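All remarks here apply to the structure that follows.
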Amino acid sequence: MTEKESEKEEKGSSDELEVINHELNKDFLETTTFHGLVMAYHASNTPEKIFWISACTIGFGLLVSQIFLLLSRYSTHPINTIVTRHYADELSFPAVTLCNFNSFKASYIAANNITESQVRYFREMFNVVPSYFKLNRSQAEVQQLDAWIDSLDIMQFVTDAAFTCEETIRFCQFSGEVFDCCAEALPVLTGHGLCWTLGVRTHSNGTRYSRFAQYFQSSDAGLSAWVNVHSEDYTDFYIPGSTQDQGIRINFHLPHSPTTVDTDGYAVPPGVHTYAYLDVTKYISLRSDNWGDCVNFPLPHYNVYSYEACVNNIIASEIWDQCHCRLIFQLGDTPTCKPKDMITCVQPFASDQLTDISVQRESYGCWNPCEDWKFQVTMSYSSLPKSRALKFIAETLNITGENARENLILLDMSFKSLDFFTMQQQKATTITETLSDIGGQLGLFVGASIITMFEACGFALVKIYYNCFWLKRKKSVPKQTLRKVPSNRSSVTHDSTENKELTSL
């Protein structure tokens, strides 16, 4: 084929492609459901055409921005919280942990010839944070105190020096039914020393559950207890870390969760009748694999996951890594931190590092439980009765002495009402809702639907085929093949000529 024939054939292919593109554009603009494009195509004058093209451009820009916002919102996994009030026939009563402010009986200290210096040094085992008033000890004194600590059975000393359950909790009843306070009371070590937890029973697998349930609304329908703080047996010298207060501290929590009496306890002084009214809220969180942040995995020393238990384990792990011991009130079988460990390692480390655990809990792996109950407490107080009535009560409770008002506390604890609120997390949007919103934006801004999107995709694919693949394939066909189909060429040329004439018209 000569160069002239080649140029002629190339010009014919280009003309043919131009005709095809013109027909494709015309067919799409006449049949599409993109109404703005149809109006622009059929515009009878230039201003009208400019108006519709501008409207389509603005609508398309708004559409893109709205779709971006919808997809961005979906990618953040938004969550709504649904608050619902429920009325119940009964409510399981929480565990009640009770601590005496005084950790060591003065009578025990005196009977065992224990010095004030030894008591103060032993109390350092409970002080994670250094006390305000630091005591200066000589090296020789520290060596003597360490030798005394090494000679002790630490847990036995804590138990013997503290008030027993029978000495502290004198009388109990639930909903008018008297029961033995200490038969099922659980001893627990806290920053206040030896405490006691009421209202809990333990399954054979070790899981704790509530012993009581409240069935009707009344201040007499819950747990009542007479407590003797034994103020006459308080140590009267300064002990670092001790509040030096008289009375008790109580905390309400789930049976399977560790007590937070150190941080969430309510102080009750002697000589008062205390009314504690409980409101309860149930929290239901989405799992971490379903847009939420809740987890539910087993923890060492705890059968049921709770945030408090997780934080306790993390603190124990951090202290073990740093100081190679555990706090006296933490669960485990590793060596207990002795006073010298607390003073030289734990307290400096705690001041710098341990506060980060609660603030940056996610980085330590402590997340919300998938189901949790929280108790909100309203406390009110009144004075105990006059002397003759109080004397009768003291004699009934087997309490001797004229100082009953300085020792006795009456606790009445009950649910304020037999209802509770649930705060349940739900997905704020779903993929179906997001697609529906996108469909609505399509209709609002460009008058389109999903069918219109398929039209546009089909049009784009056909254009790509003819402009990229069809022309290249046509050029690659041998000359002999082209000569065998002259009718196609003449037919296309005729169509081309006809369309040129229509264009000129």
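None of these values were measured; they are calculated from a predicted model.
Between His203 and Tyr209, the ring centre distance stays below 6.0 Å. Annotation: Tyr307 is not in aromatic contact with Trp367 [ring centroid separation under 6.0 Å not met].
Proximity of Val272 to Pro269: side-chain heavy atoms (C-beta onward) are separated by under 4.5 Å at one or more points. Counting only heavy atoms from C-beta outward, the side chains of Leu223 and Phe93 approach each other to under 4.5 Å. Using a 4.5 Å heavy-atom threshold, the side chains of Leu418 and Tyr87 count as separate. Here the side chains of Phe445 and Val64 are not in contact, with every heavy-atom distance at 4.5 Å or above. Between Thr274 and Leu410, every side-chain heavy-atom pair lies at or beyond the 4.5 Å cut-off. Cys99 places none of its side-chain heavy atoms less than 4.5 Å from the side chain of Ile250. Side-chain contact between Phe179 and Phe212 is present, with heavy atoms from C-beta onward closer than 4.5 Å. In this structure the side chain of Trp226 reaches within 4.5 angstrom of the side chain of Ile393, judged on heavy atoms.
A donor atom on one side chain and an acceptor atom on the other are not found under 3.5 Å apart for Asn368 and Ser285. Between the side chains of Asp412 and Ser224, a donor-acceptor pair is found at a separation under 3.5 Å. Side-chain atoms of Thr97 and His253 include a donor-acceptor pair closer than 3.5 Å. Between the side chains of Ser107 and Asp233, at least one donor N or O sits under 3.5 Å from an acceptor N or O. In the model, Asn80 has no side-chain atom that pairs as donor or acceptor with a side-chain atom of Lys427 under 3.5 Å. With no hydrogens or angles considered, a side-chain donor-acceptor pair links Gln156 and Asp160 at under 3.5 Å. Remark: the Gln347 side chain and the Glu124 side chain contain an N/O donor-acceptor pair separated by less than 3.5 Å.
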| Thr422 and His86: side chain to side chain donor-acceptor pair (under 3.5 Å), yes or no, with the steps? | CA-CA 8 Å; Thr422 60; His86 301 271; 3.0 Å; yes
| message | The test is side-chain contact (heavy atoms from CB on, under 4.5 Å); show your working for Glu141 and Leu145 and say whether it passes. | response | CA-CA 6 Å; Glu141 183 182 6; Leu145 292 172; 4.0 Å; yes
| message | Using the rule given for side-chain contact (heavy atoms from CB on, under 4.5 Å), can you reason through Gln173 versus Phe171, listing the C-alpha separation, both sets of side-chain angles and the distance that settles it, and then say yes or no? | response | CA-CA 7 Å; Gln173 68 176 18; Phe171 176 85; 4.0 Å; yes
| request: Test Asn312 against Glu308 for side chain to side chain donor-acceptor pair (under 3.5 Å), laying out the working first. | output: CA-CA 6 Å; Asn312 284 352; Glu308 294 79 10; over 6 Å; no
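With hydrogens and angles ignored, the 3.5 Å screen pairs a side-chain donor or acceptor of Gln425 with a backbone N or O of Leu286. With hydrogens and angles disregarded, a donor-acceptor distance shorter than 3.5 Å links the side chain of Arg326 to the backbone of Thr334. Of the possible donor and acceptor atoms, one in the side chain of Asn102 sits under 3.5 Å from a partner among the backbone N and O of Phe104.
Under 4.0 Å is where a charged nitrogen must lie from a carboxylate oxygen, and between Glu167 and Lys105 at least one such pair does. A salt bridge links Arg85 and Asp419; the closest N-O separation between the charged side-chain nitrogens and carboxylate oxygens is under 4.0 Å.
We find the CD1-CD1 distance between Ile149 and Ile154 to be 6.0 Å, quoted to the nearest 0.5 Å. The distance from atom CG of Leu198 to atom CG of Leu98, rounded to the nearest 0.5 Å, is 6.5 Å. Here the CG-CD distance, from Asn407 to Gln246, works out to 8.0 Å after rounding to the nearest 0.5 Å. Of the inter-residue distances, the one linking Ile314 atom CD1 with Cys310 atom SG reads 5.0 Å to the nearest 0.5 angstrom. Remark: Thr432 OG1 to Asp437 CG distance equals 11.0 Å, nearest 0.5 Å.
Ring-plane geometry between Phe420 and Trp373 is classed as tilted, the angle between the planes lying from 30 to 60 degrees on a 0 to 90 degree scale. Ring planes of Tyr234 and Phe163: tilted class, angle from 30 to 60°. Ring geometry, Phe126 versus Phe329: the interplanar angle falls under 30°, so the pair is classed parallel (tilted spans 30 to 60°).
SG distance check for Cys294 and Cys370: under 2.5 Å. Cys pair Cys337 and Cys345 fails the test of SG atoms under 2.5 Å apart.
For Ala267 against Tyr381, the heavy-atom pair with the smallest separation is O-OH, 3.4 Å. Nearest heavy-atom pair across Arg211 and Asp180 is NH1-O, 4.3 Å.
Among Ile319, Leu327, Asn127, the single residue meeting the side chain to side chain contact (heavy atoms under 4.5 Å, CB included) criterion with Met342 is Leu327.
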